[in-house]
**Q** 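I'd like to ask some things about the structure below.
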Amino acid sequence: MLQKPRGTRDFLPDEMEARRAVEWRLREVARRWGYREVCTPEFEDLELFTMRSGEGIIEEMYVFEDKGGRKLALRPEITAAVIRMYINEAKVAPKPLRWCYFADCFRYERPQKGRYRQFWQFGVELIGADTAAADAETIMLASDMLNATGVTYELKVGHLSFMKNLVKDLEPAMQRRVRVHLDKKDFDGLNATLESLNRADLAASLTALVETRDLAEAFEIAGTISEKERVEQTVASLDASDVKYSLNFGIARGLDYYTGIVFEGFAQNLGAENQILGGGAYRLAHLFGGDDVASCGFAVGFDRVMVSLGETTAKKDTVVGLVSMPEGRKRALEVGRAFRDAGIRTEMNLMERGLGAQLAHASKSADFAVVIGKQEAEAGEVTLKNLHSGEQKTISLDAALAEVRAHGAR
RNA sequence: GCCGGGGUGGGGUAGUUGGUCAUCCUAGAGGAUUGUGGAUCCUCCGACCCGGGUUCGAAUCUCGGCCCCGGCCCCA
C-alpha cells in the first residue's frame with residue numbers, strides 16, 4: 001500500500017474541525033488588531049532562503065529544479081517571502097503595514113513530537129514602524145493570540161542589544177558562537193570559548209545577563225546601551241497591558257538579522273519541541289534589494305499548539321438526518337432545501353434502506369431525524385424525531401425548522 | 001545524519017522454544033424486523049509494513065529498507 005511521505009499527516013474531519021476552530025480564533029485576533037491576510041507562493045527561488053538564512057539551510061529544505069533549470073525550494077518559513085513580496089508589490093504602501101498569514105511550510109528534518117516535515121504557521125509581520133510602540137504591539141498581539149488558542153504557555157521577552165554590547169569587541173564569528181552558547185545555556189562551552197579568546201573577564205557578566213529577570217539589573221550588567229530608552233518604553237507598555245511575560249536576555253534566536261526585541265513562547269506540556277512562538281524585530285528588506293525598512297513579526301507553530309491542546313472536542317454542528325420513504329422522496333428534496341437554506345447541516349438518505357435502517361444510521365450521525373413518508377408528504381408536514389431523547393412529533397416544516405434551530409443555539 | 005522503542009483487518013488487540021483454517025473487541029455492509037434507531041442474535045467484509053536469507057515450513061529467527069513514537073543534532 002502506498003504511504004504518505006515521511007513527516008506528513010492526514011487529517012480526518014474531526015481533526016480538521018478542531019484545527020479550523022483554532023485557526024479562526026487566531027484569524028479573529030489578527031483581524032481585531034488590523035492585520036490583514038496575505039499569501040505568497042508555496043515555493044520560491046532557493047536564493048530567497050539562502051540569502052536570509054545562509055547556505056547551510058539547503059540541507060534542511062525541500063530543494064528541486066524545475067523543467068527550466070531553476071533552483072527552487074518549498075518554503076521553510078514565510079517571513080522572507082512576505083518581505084520579498086513587500087519589496088515587489090507594496091514598497092510605497094502607507095506605513096505601517098500590518099500583515100498576517102496562515103500557511104504551510106516544509107522542512108527536511110527528522111520528525112518527532114511536534115515536528116513534522118509539513119507544518120503550519122500563523123504569523124504576522126508589522127512593517128515600517130521602527131518604534132517601541134511597534135515592538136510592544138507585536139508582543140501584545142502574540143500574547144492575545146496564544147490566549148485565544150487556550151494553550152498554557154510562557155512568554156519570554158528579551159533584547160539583543162544587551163548581549164551585543166557585551167561582546168561588541170569580539171569578531172563577528174566569535175560573537176555568534178558566544179550567542180549560541182548563551183541561547184542554549186551552555187556555560188561550560190561559553191567559558192571555554194571565552195578563555196580561548198583571552199576574554200574570561202566577560203564570563204561573569206554574560207552569565208549574569210542570561211540569569212537576570214530584571215531590567216534595571218540588565219542595564220547595570222550590560223553597560224551603556226543606545227537603545228535604552230526604547231527598551232524602557234517597550235517594557236513600560238507591556239507592563240501597562242495585561243501581557244504576562246518574563247524578561248530573558250539570553251534569548252538569541254537563530255539568525256543574525258534580528259536587531260532588537262526578541263521573544264519566544266513555550267507550551268508547558270510538550271516534549272523537546274515545546275517552542276510554539278518565536279519572533280522579534282529584524283531588518284531583511286535590504287537583503288532582497290529593497291530599502292532598509294524595519295520590521296517586527298512572529299510566527300505561531302500551529303501544529304504544536306494543536307498537540308499542546310490535545311484532544312479537544314470542537315463544538316459539533318447540529319445535524320439533521322433526512323429519512324425518507326419512496327412516496328416521500330420528492331417532498332424530502334424540498335424539505336432538505338428548506339433546512340439547508342436555514343443554515344442547518346442536513347444529510348439525506350442515499351442508501352436503499354428501510355425506515356428502521358435509516359433511523360439506525362441517523363442515530364449514529366445526527367441529532368434529529370426528519371421523516372418524510374407517504375403520510376407526511378400527503379399532509380404537508382414532517383415528523384421530527386429528537387434522536388437524543390427519542391421524542392417525536394409530526395408538525396409543520398416551519399415548526400421543525402424552529403425547533404432544530406433552537407437546539408443549535410444552545 | 002545519530003541513539004532507543006515499535007509496526008498483526010479501518011481503529012484497538014491476542015498469538016513468537018518456528019508447525020491446524022491467525023484470536024477477540026470495535027467499526028462497516030446486509031439480515032432477523034416493508035412506518036420508527038440505540039438492546040440481542042445471525043451472515044458478510046477485512047490484517048501479519050516491504051524485500052532478501054535460514055528452514056520441509058517464518059507473523060515468529062536473521063539481514064536490509066520503509067514508516068511510526070520518543071530523544072540527540074538542528075530549529076529560519
Side-chain angles (χ1 to χ4, degrees), chain A residues 1-10 12 14 44 48-61 73-83 105-117 119 121 123 180 183-184 186 251-258 262 264 266 270-280 282 284 287 297-299 301 303-304 307 321 323-328 349 351-379 382-394:
Chain A
M1 193 171 29
L2 224 47
Q3 290 172 319
K4 60 188 180 297
R6 182 163 202 207
T8 63
R9 291 156 295 160
D10 294 320
L12 289 166
D14 280 348
E44 297 264 3
L48 176 69
F49 303 114
T50 54
M51 281 172 88
R52 180 199 191 207
S53 310
E55 297 286 325
I57 61 158
I58 292 177
E59 296 297 308
E60 317 269 292
M61 281 196 292
L74 296 183
R75 59 185 174 203
E77 48 92 26
I78 318 273
T79 299
V82 168
I83 297 305
C105 307
F106 304 84
R107 293 184 190 176
Y108 194 88
E109 296 181 296
R110 178 81 171 76
Q112 53 187 281
K113 185 172 188 176
R115 171 186 282 188
Y116 307 97
R117 289 183 169 181
F119 60 97
Q121 288 191 335
V180 171
D183 197 45
K184 287 184 196 158
D186 172 17
I251 299 175
R253 305 287 302 153
L255 291 179
D256 298 321
Y257 60 79
Y258 282 100
V262 284
E264 298 179 335
F266 299 88
L270 294 180
E273 301 292 330
N274 65 338
Q275 188 180 334
I276 54 170
L277 179 145
Y282 60 89
L284 264 184
L287 281 180
F298 64 86
D303 303 277
R304 290 184 187 174
V307 173
V323 170
S324 59
M325 304 309 291
E327 307 82 4
N349 172 57
M351 310 285 266
E352 306 271 328
R353 281 170 172 156
L355 180 62
Q358 287 190 48
L359 275 172
H361 176 262
S363 70
K364 287 169 199 155
S365 58
D367 302 293
F368 291 93
V370 169
V371 182
I372 313 288
K374 190 170 180 227
Q375 295 155 26
E376 288 84 358
E378 283 172 0
V382 303
T383 295
L384 179 70
K385 178 166 190 148
N386 182 319
L387 291 167
H388 300 296
S389 66
E391 186 194 346
Q392 163 178 338
K393 49 198 166 188
T394 300

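Each chain gets a letter, A, B and so on, in the order the sequences are listed, and its residues count up from 1.
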**Q** Which parts of nucleotides 69-74 of chain B does protein reach within less than 4.0 Å, heavy atoms only, written one letter per nucleotide 5' to 3' as B for base, S for sugar-phosphate only and - for none?
**A** BBBBBB

**Q** Under the criterion side chain to side chain contact (heavy atoms under 4.5 Å, CB included), which of A:D303, A:L277, A:I78, A:T79 is the partner of A:Q121?
**A**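 Single pass found, and it is A:I78.
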
**Q** Which base, if any, makes a Watson-Crick or G-U wobble pair with B:A29, both distances under 3.5 Å?
**A**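 With both distances under 3.5 Å, B:A29 matches B:U43.
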
**Q** Work out how far the C1' atom of B:C49 is from that of B:C67, and round it to whole angstrom.
**A**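 After rounding to an integer number of Å, I get 8 Å for this pair.
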
**Q** Between the base of B:G35 and the side chain of A:E376, is there a donor-acceptor distance below 3.5 Å?
**A**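 Check passes, donor-acceptor contact within cut-off.
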
**Q** Does A:R117 qualify as a cation-pi partner of A:F106, given the criterion of NZ or CZ under 6.0 Å from the six-membered ring centre and within 45 degrees of its axis?
**A**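 Geometry flag: not set, cation outside 6.0 Å or 45°.
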
**Q** Rounding to the closest angstrom, what is the interatomic distance between B:A32 and B:A14 at atom C1'?
**A**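 Taking atom C1' in both B:A32 and B:A14, they lie 31 Å apart.
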
**Q** Using a distance-only criterion (donor-acceptor N/O pair, under 3.5 Å, no hydrogens), is the base of B:G35 paired with the side chain of A:K374?
**A**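 Side chain to base: no pair present.
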
**Q** Kindly state each residue pair satisfying salt bridge (Lys or Arg N to Asp or Glu O under 4.0 Å) with at least one member in residues 382-391 of chain A, sequence neighbours excluded.
**A**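 Checked against salt bridge (Lys or Arg N to Asp or Glu O under 4.0 Å) - neighbours excluded - the pairs reaching residues 382-391 of chain A are A:E391-A:K393.
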
**Q** Got a donor-acceptor pair under 3.5 Å from the side chain of A:Q358 to the base of B:U36?
**A**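 No pair found.
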
**Q** Could you tell me whether a side-chain N or O of A:R304 sits under 3.5 Å from a main-chain N or O of A:G114, the two making a donor and an acceptor?
**A**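 Present.
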
**Q** Any base atoms under 4.0 Å from A:G390, or only sugar-phosphate, or nothing? Heavy atoms, all strands.
**A**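 The answer is base, as A:G390 lies within the cut-off (heavy atoms under 4.0 Å) of a base atom.
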
**Q** Pairing check on B:G4: which nucleotide meets the Watson-Crick or G-U wobble criteria with it, both distances under 3.5 Å?
**A**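 Pair assignment: B:G4 / B:C69.
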
